[in-house]
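Numbering starts at 1 and runs along the sequence shown.
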Amino acid sequence: MDSLVVIIYLAAMVGFGVWGRFKAHNQEDFLVAGRRLGGLLYTGTMSAVVLGGASTIGGVGLGYTAGLSGMWLVLSIGLGIVALSLFFAPKIQKLEIYTVSQMLELRYGKGSRFVSGAIMTAYGLMISTTSTVAYATVFHALFDLNKVWSVLIGGGIVILYSMLGGMWSITLTDFVQFFIQTIGIFLIMLPLVLSKSGGISELFASLPESHTSPVGIGWQAILGYILIYTLGLLIGQDIWQRVFTARSPGVARWGGFSAGVYCLLYAVAGALIGMAATKIVPGIEVQDDVFVAVVDASMNPVLGGIVLAAALAAMMSTASGSLMAASTVCRQDIVEPILARKDIVPDSVGGVGADGVNSDGAATGGSAASASGSGVSESGSGSGSGAKSTLVRSLVRETGDEVRDSRIYLIVLGVVTLVLAMIMPSVVEALTVAYNLLVAGLFIPILGGLVFKRGTIVGVMAGMILGAVTTVVVMIVSGIYAESAIYLGLIASLVGYLVGSFASKPTPPEVMTAWKERINR
């Protein structure tokens with residue numbers, strides 16, 4: 001019966017993907033859901049994308065081994081969403097771009113987009129890969145499939161519904177997944193396991209003090225979670241791409257704040273479930289096995305199926321969001337800018353090319369495409385019949401069928417994710433490397449772009465390179481899980497950013513003027 005419930009859920013996800021297909025008419029629909037999500041949809045989809053397998057399976061496992069303080073991993077995620085929403089999301093929403101790397105180019109000028117895009121693509125692939133491995137484990141337990149078939153079937157469903165309607169399909173499926181998570185975790189699993197363990201008062205009375213203390217894991221571990229997950233959530237492409245879907249700065253702020261509060265409650269719920277599991281299924285050695293074990297021991301097949309569907313919802317929503325983020329960055333910040341250089345048609349000095357852009361890169365005629373950072377017109381007027389469209393310094397190269405191209409990139413990177421999920425010996429190590437490089441390499445330049453006027457492209461490159469190199473060296477010398485890697489990487493990035501910025505000329509006035517116009521509109 002539990003398998004039947006999960007099959008019905010998977011079929012529904014494909015159905016919502018088909019529905020989203022009819023809403024995705026252009027690139028903006030496909031990548032950012034037309035930038036028109038209201039508060040309810042936005043809150044649901046933001047919650048779903050950040051609460052994946054690590055938050056659900058891992059959160060319960062940490063509650064099992066560390067007690068109440070096991071909540072800090074998910075709590076750090078919630079704090080990151082709260083901080084992003086209250087302090088930065090309204091500004092980010094006004095930019096009307098598609099990627100974090102495009103923000104760096106708008107703020108500092110050209111030079112950093114390829115490197116930052118490569119880091120973001122790797123990060124998105126690793127997040128999607130770990131989520132794929134997580135839900136493949138559930139498929140294996142439910143349907144007795146081997147790893148390859150579990151990855152292929154689960155991953156194929158995620159790729160299918162994501163490819164059909166892009167962000168619209170992901171938004172619709174995420175909202176349903178958010179609804180299922182809420183019912184499965186808060187309304188079914190939490191009250192049932194607490195009741196079966198004797199109630200919350202008896203549970204706390206029976207556990208050692210280290211398991212009932214909110215800081216039992218120690219401040220060093222808590223700080224490590226905050227540095228990696230809170231800071232990572234502030235700058236991740238998968239999170240920013242959801243901010244871009246908000247229809248207004250107010251939705252981005254308060255819808256995101258609501259999602260952050262939901263994450264904080266989810267953190268406490270996961271820890272309490274794990275604590276209760278120590279009474280229901282004691283003696284489990286592998287903490288990631290706790291979730292399924294406590295479901296089997298405390299629920300009938302129907303309720304167990306709903307809860308397992310909730311766990312799958314958490315994992316698949318994160319996998320689809322991360323895959324969308326990786327494919328968007330790969331196309332728009334790595335491949336397309338390279339192809340765009342081949343399409344540039346030189347024009348006379350001070351002249352205007354076929355796309356209505358001066359040779360110095362300034363848009364003429366108030367081009368809406370250029371103003372929104374979504375490319376330039378391909379009308380071809382002004383350069384003769386049949387002449388190739390000029391593509392000069394635009395953020396996004398237009399190809400004539402952006403939705404088709406975005407689907408191709410998503411499918412290709414989806415296949416890469418499936419291959420990685422099958423062959424990667426330790427996805428935890430890969431995820432740790434990805435998060436460390438993301439935070440150490442990009443956090444300071446991105447934050448500096450939002451709050452520090454004197455930052456320059458030289459500072460950005462110095463900060464990214466020093467932060468990333470320092471982190472890699474420390475991980476090689478001290479081990480991948482060394483907490484000093486993120487500390488020293490952040491310090492090196494900050495030093496490189498400040499020294500590089502003050503040692504170089506300020507960002508050109510025309511770049512800063514265009515940036516201020518966007519951020520203040």
Hey, is NZ on Lys196 packed in by over 12 heavy atoms from elsewhere, all under 6.0 Å? no
Exceeds 12 heavy-atom contacts within 6.0 angstrom, atom CZ of Arg36: yes
Among side-chain atoms of Asn436 and Thr471, is any donor-acceptor pair under 3.5 angstrom? no
Start with the C-alpha distance between Gln332 and Leu31, add both sets of side-chain angles, then the distance that settles side chain to side chain contact (heavy atoms under 4.5 Å, CB included), and finish with yes or no. CA-CA 11 Å; Gln332 301 221 1; Leu31 297 182; 3.0 Å; yes
Could you pull out all residues at least two apart from Phe139 that satisfy ring-ring contact (aromatic ring centres under 6.0 Å, His included)? Phe143
All N/O donor-acceptor pairs, side-chain side in residues 487-498, below 3.5 Å, sequence neighbours left out:
unit_1, atom_1, unit_2, atom_2, d
Ser493, OG, Ala440, O, 3.3
Ser493, OG, Gly463, O, 3.1
Tyr497, OH, Tyr108, OH, 2.8

Candidate list Asp174, Thr45, Val176, test side chain to side chain contact (heavy atoms under 4.5 Å, CB included), partner Ser317, passing option: Asp174
Got His211 and Leu68 here, is their nearest side-chain heavy-atom distance under 4.5 Å? no
When you measure from the side chain of Thr318 to the backbone of Ala314, do you find a donor-acceptor pair of N or O atoms at a distance under 3.5 Å? yes
Describe, in one word, how the ring planes of Phe178 and Phe175 are oriented to each other, choosing from parallel (under 30°), tilted (30 to 60°) and perpendicular (over 60°). tilted
Considering only heavy atoms from C-beta outward, does the side chain of Met103 approach that of Leu106 to under 4.5 Å? no
Run the side chain to side chain donor-acceptor pair (under 3.5 Å) test against Tyr9 and tell me which residues pass, sequence neighbours left out. Gln177
Mind checking whether Phe244 and Trp240 have parallel, tilted or perpendicular rings, split at 30° and 60°? perpendicular
Count the heavy atoms belonging to other residues, nucleotides or ligands that lie under 6.0 Å from CH2 of Trp515, then report whether that count exceeds 12. yes
Met71 and side chain to side chain contact (heavy atoms under 4.5 Å, CB included): which partner among Ile217, Leu62, Leu264, Val268? Val268
Would the Phe186 and Tyr262 ring centres measure less than 6.0 Å apart? yes
Does a salt bridge link Glu28 with Arg35, judged by any charged N lying under 4.0 Å from a carboxylate O? yes
